[in-house]
2 protein chains.
Amino acid sequence: MIVKAETTAPSEQTRARLLDAAREVFSQHGFQNATVREICRRAKTNVASVNYHFGSKDGLLAEALNFAQLGALQLANVKTDERPEARLRSFIRDFMLMLLDEKTPSSQCQIMARELADPSPALDKIVREAIAPLHKFLGELVREIVGDKTSEAELRRCVHSILGQCLFYRHSHPVLQRLHPKLRYDHQEIDAIAGHIAGFSLEGIKYLAKKSG
Amino acid sequence: MIVKAETTAPSEQTRARLLDAAREVFSQHGFQNATVREICRRAKTNVASVNYHFGSKDGLLAEALNFAQLGALQLANVKTDERPEARLRSFIRDFMLMLLDEKTPSSQCQIMARELADPSPALDKIVREAIAPLHKFLGELVREIVGDKTSEAELRRCVHSILGQCLFYRHSHPVLQRLHPKLRYDHQEIDAIAGHIAGFSLEGIKYLAKKSG
DNA sequence: AAGCGTATCAAACACTTGTTTGAATGTAAA
DNA sequence: TTTACATTCAAACAAGTGTTTGATACGCTT
């Protein structure tokens, strides 16, 4: 059938399976602790396929990265005509969902979070394509709230405070699980956490605005 | 000379050298990425000595851990008769110094921070001896500020917000270094960061107290 | 000095890792 | 059918890991 020729070639299928499996394993175990064999097992293919299709484990990570979702989130947020406070609220909520949701995990964001603590050769690309834009976006958003009086250094520290709170729940997950075994990151809990972070941060930001202004 | 017999035996010396080197390497590279060979190189001893003196790499980590400094910090803080707001301020400052100071790095705290993201077999001990007490201490301190009205869940989230902000600077150091190459964690910069975190957090906490009260 | 237990060391071991190889397989054009 | 090419695979490779071994050196008692 001609149809088959128009769909993906067989080689493209294993490529896609490898990328899916790689995103899964990298986000769960981090780059260093993820093994090529585990990835290939999940992709139901041979160990050699990684090097055949992507050259190396590094190459696989580089191609598996795709921060379109995170970028789209920021773009949609900017396009809203809501007040900056509300935009910060909803961004934190969306971001926490990407970081924590057990059902629809954005493996991209989880990989990004992991890379912070344990850099891989792809860190430069990740910083350039995901982290730097994210800091820039949040910086501009906070700037709208605090006004022009606040210094760049203080503004940056606000961004760090927000990101630090968000990432804490991802980084410390194994520990928090032990401290509070009944904890589950369902939709409701994530909403509560995001609401707290937004409220907590907005007070800090507004205080800073008053102090500087 | 009899004196020599009263000082440490030669075997104790290499034990001590191993522990020192282990703390150094574990705090710099994390448990997984630290190699026994690197530790022994710095301790100027043979690879086999780790297993001879500590049984295994795990055993070495277990004995290298010592959270006395962190505990002493909390005890001294409680003993102060200052107001809780001031106590939170000074604790955050001391904690950030332990986490970031390039000159006197508290390898213990850096190991603890690393374990959050990348657990080792010693995580249980670390949670029990360092992290759980730390959360408890901060919880009680924040409770003094917010009063009895605030729920346990919200109180806990405040503690998470504080810790998240503090740990962010340690976890994200490689990334922040790339975003702001001129950044240095000297005493002055750490003071500024700690001051920001304390001010930022106190506003969030007080807001929560009002909201609940 | 001889004997004994501890501590150190170079070397090897067992295992895992990412990567490479060369043969086998499938696909499509000649 | 034959040929050429891309893909897949089992197996091996090379390097790094924590750990073990057996010999050697040291300090101390007898």
Side-chain angles (χ1 to χ4, degrees), chain A residues 1-26 28-64 114 118-123, chain B residues 1-26 28-64 114 118-123:
Chain A
M1 302 177 73
I2 311 173
V3 184
K4 195 169 182 184
E6 287 183 343
T7 62
T8 54
S11 68
E12 290 300 314
Q13 290 183 13
T14 68
R15 252 186 78 98
R17 281 208 314 279
L18 274 173
L19 286 171
D20 282 345
R23 284 188 260 262
E24 228 178 87
V25 178
F26 284 147
Q28 285 178 11
H29 305 310
F31 179 75
Q32 304 255 26
N33 298 333
T35 72
V36 172
R37 281 169 175 81
E38 164 77 7
I39 292 171
C40 291
R41 201 177 312 132
R42 295 206 200 185
K44 295 192 196 312
T45 180
N46 186 271
V47 242
S49 55
V50 164
N51 294 283
Y52 178 78
H53 285 284
F54 302 97
S56 66
K57 187 187 177 187
D58 288 15
L60 175 57
L61 173 60
E63 291 219 37
R114 278 201 165 272
D118 196 13
S120 83
L123 180 58
Chain B
M1 301 178 72
I2 311 172
V3 185
K4 196 168 183 185
E6 286 183 345
T7 62
T8 53
S11 69
E12 289 301 313
Q13 290 184 14
T14 69
R15 252 188 79 97
R17 280 209 313 279
L18 274 173
L19 286 171
D20 281 347
R23 285 188 259 264
E24 227 178 88
V25 178
F26 284 148
Q28 285 179 10
H29 304 310
F31 179 75
Q32 304 254 27
N33 297 334
T35 73
V36 172
R37 281 170 175 80
E38 165 76 7
I39 293 171
C40 290
R41 201 176 311 132
R42 294 205 200 185
K44 295 192 197 310
T45 180
N46 187 270
V47 240
S49 55
V50 163
N51 293 282
Y52 178 78
H53 286 284
F54 302 97
S56 67
K57 187 187 178 188
D58 288 15
L60 175 58
L61 174 59
E63 291 218 37
R114 278 202 166 272
D118 195 12
S120 82
L123 181 58

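Here is the naming used below: chain letters follow the sequence lines, and residue numbers restart at 1 for every chain.
- In terms of modelled atom types and a separation under 3.5 Å, the side chain of B/R114 and the main chain of B/Q28 share a donor-acceptor contact.
- Between C/dC9 and B/T45, a contact under 4.0 Å exists linking OP1 or OP2 to a side-chain N or O.
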Annotated protein contacts, base or backbone, on nucleotides 10-21 of chain D with a non-hydrogen cut-off under 4.0 Å, one of B, S, - each: B-B----SBBBB
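- Straight-line distance from the CD atom of A/Q13 to the P atom of D/dT7: 12 Å, rounded to whole Å.
- Of all non-hydrogen atoms in A/R37 and A/V47, the two that sit nearest each other are CG-CG1, 3.4 Å.
- Across the protein-nucleic acid pair, B/R41 atom CZ and C/dA10 atom C1' stand 16 Å apart, rounded to whole Å.
- Taking side-chain N and O atoms only, B/H53 has no distance below 4.0 Å to OP1 or OP2 of C/dT6.
- Checking the phosphate oxygens (OP1, OP2) of D/dT8, a side-chain nitrogen or oxygen of A/T14 falls inside 4.0 Å.
- Contact detail for A/L60 and A/L18: the closest heavy-atom pair is CD1-O, 4.4 Å.
- In this structure, CG of B/L18 is placed 12 Å from C1' of C/dT8, rounded to the nearest angstrom.
- Scanning both residues, A/C40 and A/N46, for their nearest heavy atoms gives SG-O, 3.3 Å.
- Atom pair B/R17:CZ and C/dC9:C1' shows a separation of 13 Å (rounding to whole Å applied).
- Between B/F26 and B/K57, the shortest heavy-atom distance links the atoms CE2-CE, 4.1 Å.
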B/T14 and B/S49: CA distance, side-chain angles, deciding distance, side-chain contact (heavy atoms from CB on, under 4.5 Å) verdict: CA-CA 8 Å; B/T14 69; B/S49 55; 5.8 Å; no
